[in-house]
Participant: 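Below are the structure tokens for one structure; questions will follow.
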Amino acid sequence: MTGRTRKKPVPLSAAAPGAAAGSVPLHIQIRESIRRQVREGELIDKTGRLMTEAELGRHFGVSRVTIRNAISPLVHEGMFARTRGRGTFLRSNQPENWVGRLMGFSETIRDAGYQAGAKVLQQGMTNRHDADVREQLRERAVWQLKRLRFADDTPIAIEHAFYPPDIGLELETRDLTSIIMYSVFEEELGHPIKEAKQTISASLADSTSAKLLGVKAGSPLLAIERLTLGTEGRPLELLRSVYLPDYFRLSISLTRRHP
């Protein structure tokens, strides 16, 4: 892309990003190495206990501080659980329980070593939405939030989200430029998330999105539509986004079944 420095991709589904060494902070390189090696049955004993920080430090040849910074996100996302006095344990020996974790933009960008940011373009109640939004959210009127999203100071995505009115009016009282959406759902609004259904496709930048993202009209974009559901199956958010493909990629772990 002319005039734009290419940065490392941000994984949309965290299955071993594999960005080039040297372009990624050391603790993130170590974190992904731990993730990959544990999937292969390494670094843990038969009970699922992870090597100690000191042992991991010797294994990777880095400091305990680097190891601690590498492990903390894995604990936060649910791959590991820490037990005082006993150690750090793999929550499950089934990789599908933690591959493809659901994360919002701010969590994903922060996890990749950038500073996430946002500019609100549009917000508020509306009934001027298409039938697909109405059908998926099961609401005649919805609360919408459209934002330009940044990695450090570079605009890399446009997100247009739709919410049931009661959730939207709660979100309206919060700082929408720095909100960690899924954490607010679960920790403040009392809406535990069960799953999300996501569709990924290719798109072309129209004149408006091209201007916002600093590219030429007709430039390729990555388009995402995600419906997030609560534990009882209630739709919580319908998100439609476009991303600069230089900054995002999707990694999926695939296995072949044999008869």
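Quick caveat: nothing in here was measured; it's all calculated off a predicted structure.
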Participant: Taking all non-hydrogen atoms of both residues, which atom of S241 and which atom of E159 are closest, and how far apart?
Facilitator: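 Smallest interatomic distance, heavy atoms only, reads OG-CG, 3.4 Å.
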Participant: Any pair with a residue in residues 114-133 that passes salt bridge (charged side-chain N to carboxylate O under 4.0 Å, His left out), sequence neighbours left out, goes on the list, sorted by first then second residue, please.
Facilitator: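 Passing the test, one end in residues 114-133: D130-R240, D132-R240.
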Participant: Between L121 and L212, does the side chain to side chain contact (heavy atoms under 4.5 Å, CB included) criterion hold? Intermediate values first, please.
Facilitator: CA-CA 10 Å; L121 303 174; L212 288 170; 3.8 Å; yes
Participant: Looking at residues at least two apart in the chain, or sitting in another chain, which of them share a side-chain hydrogen bond (donor to acceptor under 3.5 Å, both in side chains) with E139?
Facilitator: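 With sequence neighbours excluded, E139 shows a side-chain hydrogen bond (donor to acceptor under 3.5 Å, both in side chains) to no residue whatsoever.
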Participant: Closest approach of L148 and A157, non-hydrogen atoms and distance?
Facilitator: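 Smallest interatomic distance, heavy atoms only, reads CD1-O, 3.4 Å.
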Participant: What's the shortest heavy-atom distance between G124 and E172, and which atoms?
Facilitator: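 Looking at all heavy atoms of both residues, the shortest contact is CA-OE2, 4.5 Å.
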Participant: Rounded to the nearest 0.5 Å, what separates atom CD in E32 from atom CZ in R35?
Facilitator: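 Atom-to-atom, E32:CD and R35:CZ are 4.0 Å apart.
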Participant: Tell me, do L56 and I71 make a side-chain contact under 4.5 Å, heavy atoms counted?
Facilitator: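 The answer is yes, as the side chains (C-beta and beyond) meet within the 4.5 Å cut-off.
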Participant: May I have the step-by-step check of side chain to side chain contact (heavy atoms under 4.5 Å, CB included) for I158 and K146, ending in yes or no?
Facilitator: CA-CA 7 Å; I158 302 169; K146 188 174 184 179; 4.0 Å; yes
Participant: Per the side-chain contact (heavy atoms from CB on, under 4.5 Å) rule, which among V120, L171, L239, I179 passes with L145?
Facilitator: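 Passing option: V120.
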Participant: Starting at CG of D175, measure out to CD1 of I180 and round the result to the nearest 0.5 Å.
Facilitator: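 Reported value, rounded in 0.5 Å steps: 10.5 Å.
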Participant: Give the cluster check for I200 versus Y243: same hydrophobic cluster or not, with ILVMFWY residues linked at side-chain heavy-atom distances below 4.5 Å.
Facilitator: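 Yes, because I200 and Y243 connect within a single hydrophobic cluster, where side-chain heavy atoms sit under 4.5 Å apart.
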Participant: Check whether any side-chain heavy atom of I224 sits under 4.5 Å from a side-chain heavy atom of T199, and report yes or no.
Facilitator: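 No, their side chains stay 4.5 Å or more apart.
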Participant: For N69, is there any backbone N or O sitting under 3.5 Å from a side-chain donor or acceptor partner on S72?
Facilitator: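 No: the side chain of S72 does not pair with the backbone of N69.
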Participant: Could you walk me through whether F60 and L26 pass the side chain to side chain contact (heavy atoms under 4.5 Å, CB included) check?
Facilitator: CA-CA 11 Å; F60 288 105; L26 182 58; over 6 Å; no
Participant: Once side-chain hydrogen bond (donor to acceptor under 3.5 Å, both in side chains) is applied, do any residues pair with H129, and if so which ones, sequence neighbours excluded?
Facilitator: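 Partners of H129 by the side-chain hydrogen bond (donor to acceptor under 3.5 Å, both in side chains) criterion come out as none, since no residue qualifies.
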Participant: For T154, is there any backbone N or O sitting under 3.5 Å from a side-chain donor or acceptor partner on D152?
Facilitator: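 Side chain of D152 to backbone of T154: no pair is present.
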Participant: Which pairs count as salt bridge (charged side-chain N to carboxylate O under 4.0 Å, His left out) when at least one residue sits in residues 227-239, sequence neighbours excluded?
Facilitator: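 Those involving residues 227-239 are D166-R234.
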Participant: Would you compute the distance between atom CD of E170 and atom CH2 of W143 and round it to the nearest 0.5 angstrom?
Facilitator: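 It is 11.0 Å, given to the nearest 0.5 Å.
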Participant: Should side-chain heavy atoms under 4.5 Å link Ile, Leu, Val, Met, Phe, Trp and Tyr, which residues sit in the same cluster as L137?
Facilitator: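 V133, V142, F162, L227, L229, L238, listed by chain and number.
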Participant: To the nearest 0.5 angstrom, please state how far the CD atom of E186 sits from the CE atom of M181.
Facilitator: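 Those atoms lie 13.0 Å apart.
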Participant: Scan side-chain atoms only and decide if Q37 and H59 contain a donor-acceptor pair under the 3.5 Å cut-off.
Facilitator: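 Distance-only check passes for Q37 and H59.
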Participant: Please say which of I67, T88, T66 ends up in a side-chain contact (heavy atoms from CB on, under 4.5 Å) with E53.
Facilitator: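 Of the listed residues I67, T88, T66, the side-chain contact (heavy atoms from CB on, under 4.5 Å) partner of E53 is I67.
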Participant: Mind checking whether M125 and L236 sit in one hydrophobic cluster, side chains of I, L, V, M, F, W, Y counted as touching below 4.5 Å?
Facilitator: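 Yes, one cluster joins them.
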Participant: Does V75 share a hydrophobic cluster with V62, counting links as ILVMFWY side-chain heavy atoms below 4.5 Å and allowing steps through other members?
Facilitator: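 V75 and V62: one cluster.
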Participant: Cluster question for you: counting only ILVMFWY and a side-chain heavy-atom cut-off of under 4.5 Å, with indirect links fine, are L169 and Y163 together?
Facilitator: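 Linked, L169 and Y163 end up in one cluster.
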Participant: Does E135 have more than 12 heavy atoms from other residues, nucleotides or ligands lying within 6.0 Å of its CD?
Facilitator: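 No, not enclosed.
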Participant: Do V215 and L204 belong together in a cluster built from hydrophobic side chains that touch within less than 4.5 Å?
Facilitator: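 Cluster IDs for V215 and L204 differ.
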Participant: Please answer whether the main-chain N or O of L176 pairs with a side-chain N or O of R147 as donor and acceptor at a distance below 3.5 Å.
Facilitator: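 Pair found, side chain donor or acceptor close to backbone of L176.
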Participant: Which heavy atom of G87 sits nearest a heavy atom of R49, and at what distance?
Facilitator: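 So the two residues come closest at CA-NE, 4.3 Å.
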Participant: Taking only residues two or more places apart in sequence or in another chain, which ones pass side-chain contact (heavy atoms from CB on, under 4.5 Å) with A223?
Facilitator: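 Scan of A223 (side-chain contact (heavy atoms from CB on, under 4.5 Å), adjacent residues dropped) gives S201, S203, V242.
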Participant: Measuring from R58:CZ to T52:OG1, what's the distance to the nearest 0.5 Å?
Facilitator: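 The CZ atom of R58 sits 6.0 Å away from the OG1 atom of T52.
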Participant: Looking at every heavy atom in both P165 and A141, which two are closest together, and how far apart are they?
Facilitator: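 Where P165 meets A141 most closely, the heavy atoms are CG-O, 3.3 Å.
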Participant: Side-chain contact test, heavy atoms from C-beta onward, threshold under 4.5 Å: evaluate it for L43 versus L50 and give yes or no.
Facilitator: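 Yes, at least one pair of side-chain atoms sits under 4.5 Å.
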Participant: Measure across I156 and A151 and return the closest heavy-atom pair with its distance rounded to 0.1 Å.
Facilitator: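 Minimum heavy-atom separation between I156 and A151: CD1-CB, 3.7 Å.
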Participant: Nearest 0.5 Å please: distance from the NE2 atom of H160 over to the CD atom of Q122.
Facilitator: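 One gets 5.5 Å once the value is rounded to the nearest 0.5 Å.
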